[in-house]
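Okay, structure first, notes after.
The structure displayed is predicted, hence computed values, not measured ones. Numbers here are sequence positions counted from 1.
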Amino acid sequence: MMDERRDVALAIKSCLDSLMSDATRCDLDDLARFISLAALAAEEAAVAHDPKSVRLKALMATGAGHC
């Protein structure tokens, strides 16, 4: 169950990162900041449900898996 929760949090973060990029590109700065906070919360949720969170932080630093 922990892996599933982590995977869902990572998928949500990936989509939020993509939305944030779109908002930034369209000069929607306030929206981009709001989405970045939501992406940060999703990342923290993923780390909280990952016993190997050091590896997860390394993964999050890359652009892998974006939707």
Side-chain angles (χ1 to χ4, degrees):
M1 181 61 136
M2 221 174 197
D3 287 340
E4 182 181 347
R5 292 175 67 106
R6 182 200 63 222
D7 292 346
V8 169
L10 286 174
I12 290 170
K13 184 195 181 321
S14 178
C15 290
L16 287 169
D17 285 341
S18 180
L19 287 171
M20 182 180 62
S21 177
D22 291 343
T24 300
R25 190 179 71 248
C26 293
D27 295 323
L28 299 169
D29 297 330
D30 290 339
L31 180 59
R33 275 187 235 112
F34 177 76
I35 293 171
S36 73
L37 291 175
L40 181 60
E43 182 178 344
E44 289 176 359
V47 169
H49 290 94
D50 188 356
K52 300 172 187 151
S53 63
V54 173
R55 288 187 204 165
L56 180 61
K57 286 181 184 180
L59 175 66
M60 300 308 290
T62 69
H66 290 276
C67 62

Measure the spacing between [atom1] of [X] and [atom2] of [Y] and express it to the nearest 0.5 Å.
{"X": "L16", "Y": "S21", "atom1": "CG", "atom2": "OG", "result": "12.5 Å"}
{"X": "C15", "Y": "I35", "atom1": "SG", "atom2": "CD1", "result": "11.5 Å"}
{"X": "E43", "Y": "D17", "atom1": "CD", "atom2": "CG", "result": "8.0 Å"}

Show the nearest heavy-atom pair for residues A42 and K13, with the distance to one decimal.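 It is CB-CB, 3.8 Å.
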Between the side chain of T24 and the main-chain N/O of M20, is any donor-acceptor distance below 3.5 Å?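 Confirmed, T24 side chain pairs with M20 backbone.
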Are any non-hydrogen side-chain atoms of L37 and R33 less than 4.5 angstrom apart?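 L37 vs R33: side chains apart.
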Among the clusters formed by ILVMFWY side chains lying less than 4.5 Å apart, do V8 and L19 turn up in the same one?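 Yes, one cluster joins them.
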